[in-house]
> 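Okay, here's the structure, questions in a sec.
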Amino acid sequence: MQTTQDFLMTVRTRFAPSPTGYLHIGGVRTALFNWLFARKHGGQFILRIDDTDAGRNIEAALAPILHGFKWLGIDWDEGAEVGGPYAPYYQSQRLERYQAAVKALLDKGLAYWDYSTEVERKAEREAADKEKRPHHYSRRWLAETAADRAKFEAEGRQGSVRLKMPREGTCEFNDHIRGPMKVAWAQEQDHFITRTDGSCLYNLANVVDDFDMKITHVIRAEEHLSNTPRQIFIAQGLGYPLPEYAHLPFVAEPGSKRKLSKRELEKYLKNADFKKVNEHGRAIAEKLGLEMKPETFNPVIVDFYEQVGYLPQAVVNYLLLLGWAYDDKKEWFTRQEMIDLFSLEKVNKAAASFDVKKLFAFQEHYMQELPLEEKVRRVLPFLEKAGVPSGQAAGTVAAIVRAAGDRIKVAGDILDYCDFFTPDDRLKYDEKAFDKSIRNDANALPLLKRVADLLAKAEPFETAALEKLLHDFLQAEGLKFNRLHAPLRVALTGKAVGFGLFDTLAILGKERSLTRIELAAGRVNV
RNA sequence: GCCCCCAUCGUCUAGUGGCCUAGGACAUAGCCCUCUCAAGGCUAAGACAGGGGUCCGAAUCCCCUUGGGGGUACCA
């Protein structure tokens, strides 16, 4: 639905994370939709920092969040780090603006000083509940004049400001996702807008910031739908034009409809898919020696994906489809397509549950599409971090990546193939496989020895040539390939599974292949 | 309690009154390919929450029930 406003003003959307130290997947989805909407309409996306009640070290807690957005390619035109014409973008630095707004509301009689105590409020609420009547604050400790205030303060009471909400009529607004909304004002309470310490509350700060920063479209999670009337009351009281609203469904837990939370990790780990993806990531992180605090290193946190070697486009593409679809066919979107095709009208109304397995499927797809050199480029830092000497290995890495093919699903999977870099005499063997394919197979050793002789003369020592050489040999001997396959693989890699055999030989090279065969032969009788 | 929002395969979804014996994707199962493991190909199984209406005709519109979620905070 287009409104006149869309044509007259440039679209401005915002996302306002609080500096918590990590970027939550649900938050990213909201941010992504805001970003997409702004980009589509040639507008601006603003990253404002909601640090109203954050601790001291805001910069440190903010860093991973900004980093996450950068990694995903969600850039912002104004806000943290970049500044902009409506600075400051940190709520902690905008206190005067809020105070001015509170004063204006007070002056207009749309808010009042209240001197009730928590105990008194609770008593009123409970009395109303008991009689099963809708509760409204009695306004008994409302102070209209300076004299009233002085009187209450003399009693030792502390005042804070709350909204004088209407108790009749209805608040109507349009939501771009949910359509026309209508709520009775009587449902609203006299919400507080300041604390006794003078600081301001969310509803107030939010409205003021959105106005000051000329936000045209408020695109946010569904839990704010019920907050909208009170925010409209504030905005109208202050004489602000109303933004357009769009309330996104929330992202739900794996396999459930409950809202995804950062605190329920234990529960998510009971979900088989979630567990699997989590463990896959942890295995990689372990090889890298990364710190893995479960609260910050898990599939609900964006950092997880970067550290393990996912592709940002996979994460973004998956998130795009979480609650939004273009049609019944298109699944893969380039950046530009997302921007061109995105629209709020196609956002779903129902919560969508977070399915890591599907995210993983997107990752596989994008990884497969990556050109070899790009894959190598992405994999190299992981080898380095894991302590594989990078210098002379560079050529080998490309050969490994090529031979690995689709087996490398995330960049960190390269660490599964580090055995090519371990010195031959330090190779670890899967004993079960060794027993089965070599030690207990009487034919294995003699065959390996003959093959070694053959390989010693092989030239060139390349995949295709080796394949022909060995196949011809086996045919001449009247042997099936299976006879050689398992023993040779175990001898070369110590494992029962791996790349194509000829690729493996070629990557190791003649000398190391022969050495490994010899070493394997040597340990048969140990 | 009160108010608001939501409801299609296990999951993400297409579907805006006839094109629906409900389409796609992920996951699952089977088969094929194959030097192991992957990848790939083919096939299968799998949903309109329930009940009432409206209409010639309903997944689509209305009502009720059920279930889920949110708000009702000096949280955001």
Side-chain angles (χ1 to χ4, degrees), chain A residues 16-18 50 52-53 114 116-118 121-122 125 128-135 158 160-162 175 177-178 181-184 186-189 191-203 205-206 220-230 247 249-250 252 254-259 271-273 318 321-332 346 348-362 364-365 368 404-409 416 433 437 467 470-471 474 480-486 488-490 493 495-502 504:
Chain A
S18 32
D50 178 357
T52 42
D53 60 2
D114 181 63
S116 63
T117 64
E118 200 182 336
R121 290 193 299 272
K122 200 173 161 215
R125 223 172 6 238
D129 281 352
K130 214 169 188 172
E131 295 169 33
K132 297 200 168 172
R133 64 182 154 79
H135 166 251
Q158 286 189 305
S160 48
V161 180
R162 54 202 299 193
D175 187 281
I177 292 166
R178 277 148 227 282
M181 299 292 303
K182 199 171 173 183
V183 183
Q187 287 308 320
E188 291 289 315
Q189 303 297 327
H191 302 284
F192 283 91
I193 52 176
T194 73
R195 298 187 176 90
T196 39
D197 66 5
S199 62
C200 289
L201 267 352
Y202 169 77
N203 284 123
N206 201 263
R220 69 209 331 183
E222 186 185 4
E223 57 258 42
H224 294 285
L225 187 60
S226 308
N227 294 336
T228 307
R230 73 198 66 153
H247 288 93
F250 53 81
S256 127
K257 288 289 176 202
R258 228 163 251 134
K259 189 176 147 195
N271 176 283
D273 294 339
Y318 170 73
L321 262 21
L322 198 55
W324 182 86
Y326 178 65
D327 61 15
D328 62 339
K329 293 280 183 296
K330 194 164 173 58
E331 291 247 282
W332 314 108
K346 282 177 171 285
N348 245 290
K349 291 190 183 78
S353 73
F354 181 54
D355 180 358
V356 268
K357 207 61 192 291
K358 183 140 185 179
L359 193 165
F360 195 82
F362 275 91
E364 283 188 84
H365 172 88
Q368 283 177 10
D406 299 330
R407 275 164 277 231
I408 297 178
K409 298 182 191 302
D416 287 342
S437 303
E467 179 165 8
L470 289 176
H471 269 130
L474 290 168
K480 290 213 164 157
F481 187 72
N482 280 335
R483 294 291 292 279
L484 173 65
H485 170 236
L488 220 209
R489 174 181 302 287
V490 175
T493 66
K495 291 174 184 155
V497 298
F499 302 163
L501 249 194
F502 311 107
T504 306

> Round to a whole Å and report the spacing from CZ of A:Arg483 to C1' of B:U36.
17 Å

> So which of A:Gln158, A:Lys122, A:Arg162 actually passes side-chain contact (heavy atoms from CB on, under 4.5 Å) with A:Ser116?
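Option passing the side-chain contact (heavy atoms from CB on, under 4.5 Å) with A:Ser116: A:Arg162.
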
> Please round to the nearest 0.5 Å and tell me the distance separating atom CG of A:Asn348 and atom CG of A:Leu322.
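Rounded to the nearest 0.5 Å, the CG-CG separation comes out at 10.0 Å.
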
> How many whole angstroms separate atom CG of A:Asn348 from atom P of B:U13?
5 Å

> Do side-chain atoms of A:Arg489 reach the backbone of A:Gly500 as a donor and acceptor pair under 3.5 angstrom?
no

> What is the distance, rounded to the nearest whole Å, between atom CE of A:Met181 and atom P of B:C3?
14 Å

> Ignoring hydrogens and angles, state whether a donor on the side chain of A:Tyr202 or A:His224 is under 3.5 Å from an acceptor on the partner side chain.
yes

> RNA chain B: A:Thr117 or A:Asp129, which has the more 5' nearest nucleotide?
A:Asp129

> Report the base-pairing partner of B:A25 (Watson-Crick or G-U wobble, both distances below 3.5 angstrom), or none.
B:U11

> If the P atom of B:C35 is compared with that of B:G24, how far apart are they to the nearest Å?
33 Å

> Is it true that a side-chain atom of A:Lys358 and a backbone atom of A:Phe360 form a donor plus acceptor pair closer than 3.5 Å?
no

> Looking at A:Glu131, I'd like to know if its CD atom is crowded, meaning that more than 12 non-hydrogen atoms belonging to other residues, nucleotides or ligands lie closer than 6.0 Å.
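For A:Glu131, atom CD is crowded (more than 12 foreign heavy atoms under 6.0 Å).
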
> For B:U66 and B:C32, measure between their C1' atoms and round to the nearest Å.
46 Å

> Could you tell me whether a side-chain N or O of A:His471 sits under 3.5 Å from a main-chain N or O of A:Glu467, the two making a donor and an acceptor?
yes

> Pick base, sugar-phosphate or nothing for A:Arg178, based on heavy-atom distances below 4.0 Å to the nucleic acid.
sugar-phosphate

> Can you list the steps and then say if A:His485 with A:Leu501 is a side chain to side chain contact (heavy atoms under 4.5 Å, CB included)?
CA-CA 7 Å; A:His485 170 236; A:Leu501 249 194; 3.9 Å; yes

> Could you give the distance from CG (A:Leu225) to CD1 (A:Ile177), rounded to the nearest 0.5 Å?
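That separation rounds to 10.0 Å.
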
> When you check every protein heavy atom under 4.0 Å of nucleotides 62-72 of chain B, what one-letter string (B, S, -) results, 5' to 3'?
------SSBSS

> Separation of A:Asp114 atom CG from B:A73 atom C1', in whole Å?
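Those two atoms, CG and C1', are 14 Å apart.
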
> Counting heavy atoms not belonging to A:Arg178, are there more than 12 under 6.0 Å from its CZ?
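Correct, the count exceeds 12.
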
> Taking the P atom in each of B:A29 and B:G70, what is the distance between them to the nearest angstrom?
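Approximately 34 Å lies between the P atom of B:A29 and that of B:G70.
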
> Using the P atom on both, measure B:U11 against B:A47 and round to a whole Å.
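My reading of the P atoms in B:U11 and B:A47 gives 12 Å.
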
> Can you tell me how far P of B:A27 sits from NE2 of A:His365, to the nearest Å?
13 Å

> Does A:Ser353 reach a base, just sugar-phosphate, or nothing at all? Heavy atoms under 4.0 Å.
sugar-phosphate

> Considering every strand and a 4.0 Å limit on heavy-atom distances, what is the contact class for A:Lys357: base, sugar-phosphate, or nothing?
sugar-phosphate

> Please give the distance between the P atoms of B:G10 and B:A49 as a whole number of Å.
12 Å

> Considering only atom P, compute the distance from B:G67 to B:U21 and round it to an integer number of Å.
32 Å

> Output yes if the stacking criterion (under 5.5 Å between centres, under 30° between planes) is met for A:Phe481 over the base of B:C35, else no.
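No, A:Phe481 does not stack on the base of B:C35, since the centre distance and plane angle fail the 5.5 Å and 30° test.
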
> Would you indicate what A:Leu501 reaches in the nucleic acid, counting non-hydrogen atoms under 4.0 angstrom: base, sugar-phosphate, or nothing?
base

> Let's see if you can work this out: which of B:U11, B:A73, B:U36 has an atom nearest to the side-chain heavy atoms of A:Asp355?
B:U11

> Just the rounded figure in Å: distance from P of B:C35 to NE2 of A:His471.
6 Å

> Listing time: all N or O pairs from protein to nucleotides 22-24 of chain B that are below 3.5 Å?
none

> Does any nucleotide pair with B:C2 by Watson-Crick or G-U wobble geometry, both distances under 3.5 Å, and what is it?
B:G71

> Do A:Arg407 side-chain atoms and A:Gly498 backbone N/O form a donor-acceptor pair below 3.5 Å?
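Present.
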
> When you compare the protein's N or O atoms with those of nucleotides 37-40 of chain B, which come within less than 3.5 Å of each other, and at what distance?
unit_1: B:C37; atom_1: O2; unit_2: A:Arg407; atom_2: NH1; d: 2.4
unit_1: B:C37; atom_1: N3; unit_2: A:Arg407; atom_2: NH1; d: 2.3
unit_1: B:A38; atom_1: O2'; unit_2: A:Lys409; atom_2: NZ; d: 3.3
unit_1: B:A39; atom_1: O4'; unit_2: A:Asp406; atom_2: OD2; d: 3.4
unit_1: B:A39; atom_1: O3'; unit_2: A:Gln368; atom_2: NE2; d: 3.3
unit_1: B:A39; atom_1: O2'; unit_2: A:Asp406; atom_2: OD2; d: 2.5

> Going by purine N1 to pyrimidine N3 plus the second Watson-Crick contact, or the G-U wobble pair, all under 3.5 Å, which nucleotide sits opposite B:U34?
none

> Would you measure the distance from the P atom in B:G50 across to the matching atom in B:A7 and give it in whole Å?
15 Å

> Check the distance between B:A25's C1' and A:Trp332's CH2 and give it to me in whole angstrom.
8 Å

> Are A:Lys346 and A:Tyr326 in a cation-pi contact, defined as NZ or CZ under 6.0 Å from the six-membered ring centre and within 45° of the axis?
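So A:Lys346 does make the cation-pi contact.
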
> If we take the C1' atom in both B:U65 and B:G71, what is their distance in whole Å?
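Rounded to whole Å, the distance is 23 Å.
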
> Counting only heavy atoms from other residues, nucleotides and ligands, does the tally under 6.0 Å from NZ of A:Lys257 exceed 12?
yes

> Are side-chain heavy atoms of A:Phe499 and A:Thr493 found at a separation under 4.5 Å?
no

> Write down the distance between NZ (A:Lys182) and P (B:C5), rounded to a whole number of angstrom.
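That distance rounds to 11 Å.
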
